[in-house]
Amino acid sequence: MPLHLLKLCVGAVSVEDLEEWIAESLAGKAARGEAVEQVHTTRMVPTRTAELLSGGSLYWVIKGEVACRQSLTGIRPFVDGDGIRRCHLVLDPTVHRVAPRPSRPFQGWRYHQAADAPPDLGAASAPVARPVELRRELRSLGLL
C-alpha cells in the first residue's frame, strides 16, 4: 500500500493559484533550457522512500484544508552550497483535486497513510458546486 506526504502549500491561496505557479515554473525552466520537471525542495529527507515511490502522492494543504495532490515520481537527496542536507521531491505536474478536508497548521511534512487520504474528485466534480470561501464558512459553522 502506498504511503503519502502531507505538506502546507505556503503562498498559494487556491488550487488554481498552485496550478498557475507550476505552469509558470515549468515554462521558465523550458525557456532557460533546464530539465522541465517540477521539484519541491524540503529540508528533511523522507526515510520511507520505497513506500512513497510505490504510488504515493504529495497532498497539499491550502488555506487550512487538504485540497489537492500531485504524484511523487522521485526523491533526490542532496547537499546544498552551504553544506546542508536537503531533498528534492520530484512531482508529476498534474494537480488532482481531492475531497476537501480540514487540516491544522504544522511544520515540514507528515506521512499520510493511504487509508487516511481523501478521495480524488472526479472530472465531473472538478468545478465544485460551492465557492471555496462558502464551503469553508459552512464547515466552520459545523454545517459540512
Side-chain angles (χ1 to χ4, degrees), residues 1-139 144:
M1 186 175 291
L3 184 67
H4 306 292
L5 291 177
L6 184 65
K7 185 153 180 34
L8 298 180
C9 190
V10 178
V13 296
S14 66
V15 175
E16 294 80 12
D17 192 24
L18 174 62
E19 290 172 326
E20 288 174 18
W21 182 86
I22 292 168
E24 289 173 11
S25 175
L26 295 177
K29 287 180 178 189
R32 292 186 300 275
E34 298 174 6
V36 181
E37 65 181 5
Q38 185 194 0
V39 295
H40 179 75
T41 305
T42 67
R43 189 174 62 84
M44 301 301 293
V45 178
T47 57
R48 299 171 71 181
T49 303
E51 292 171 271
L52 290 167
L53 294 178
S54 66
S57 292
L58 176 61
Y59 282 79
W60 290 111
V61 176
I62 300 174
K63 294 296 229 179
E65 65 183 18
V66 180
C68 60
R69 70 175 181 84
Q70 290 180 269
S71 298
L72 282 162
T73 60
I75 297 175
R76 297 186 197 139
F78 69 98
V79 177
D80 69 11
D82 295 327
I84 300 170
R85 286 185 61 203
R86 300 204 183 273
C87 181
H88 281 162
L89 301 175
V90 184
L91 303 168
D92 182 319
T94 305
V95 175
H96 303 274
R97 293 168 191 270
V98 298
R101 182 175 295 169
S103 177
R104 293 183 181 203
F106 56 91
Q107 290 185 339
W109 46 261
R110 301 285 183 264
Y111 288 115
H112 199 56
Q113 297 297 325
D116 300 328
D120 286 357
L121 293 176
S125 305
V128 180
R130 295 181 195 97
V132 174
E133 294 79 17
L134 176 59
R135 193 173 64 243
R136 287 187 184 126
E137 180 69 20
L138 291 172
R139 184 174 290 118
L144 281 182

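Here the structure is a predicted model, which means the values were calculated and not measured.
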Report yes if some heavy atom in the side chain of L89 is under 4.5 Å from a heavy atom in the side chain of V39; otherwise report no.
no
Which atom pair, heavy atoms only, marks the closest approach of I75 to C87?
CG2-SG, 3.4 Å
I need the minimum non-hydrogen distance between A99 and P118, along with the two atoms involved.
O-CB, 3.4 Å
Please tabulate, for the side chains in residues 17-26, all donor-acceptor contacts under 3.5 angstrom to protein atoms that are two or more places apart in sequence or on a different chain.
residue	atom	partner	partner atom	Å
D17	OD2	V13	N	3.1

Going through the distances and angles, do R86 and V79 end up as a side-chain contact (heavy atoms from CB on, under 4.5 Å)?
CA-CA 6 Å; R86 300 204 183 273; V79 177; over 6 Å; no
Can you measure from CZ (R43) to CD1 (I84) and round to the nearest 0.5 angstrom?
8.5 Å
Please round to the nearest 0.5 Å and tell me the distance separating atom CG of L72 and atom CG of D92.
10.0 Å
Taking all non-hydrogen atoms of both residues into account, name the closest pair between T73 and L91 and its distance.
OG1-N, 4.0 Å
Would one find more than 12 heavy atoms of other residues, nucleotides or ligands at under 6.0 Å from atom CZ of R48?
yes
Is there a side-chain contact between Q38 and Q70 (heavy atoms, below 4.5 Å)?
yes
In terms of relative ring orientation, are Y59 and H4 parallel, tilted or perpendicular, with 30° and 60° separating the classes?
perpendicular
Flag side-chain contact, heavy atom, 4.5 Å: V66 against H112
no
Please tabulate, for side-chain N and O atoms in residues 102-109, each donor-acceptor pair with protein atoms closer than 3.5 Å (sequence neighbours left out).
none

Tell me if the CZ atom of R110 is crowded by more than 12 foreign heavy atoms within 6.0 Å.
yes
Please check if the number of heavy atoms outside K7 that lie under 6.0 Å from its NZ is greater than 12.
yes
Determine the minimum heavy-atom distance between P2 and S54, stating which atoms define it.
CB-O, 3.4 Å
Distance (rounded to the nearest 0.5 Å) between T42 OG1 and H88 NE2:
8.5 Å
I want to check something: taking the side chain as every heavy atom from C-beta on, are T41 and F78 in contact at a cut-off of under 4.5 Å?
yes
Heavy atoms only: give me the nearest T47-Y111 pair and the separation to one decimal.
N-OH, 3.0 Å
Please report the interatomic distance CG(L58) to SG(C68), rounded to the nearest 0.5 Å.
8.5 Å
Return the minimal non-hydrogen interatomic distance between E37 and K29, and the atom names on each side.
O-NZ, 2.8 Å
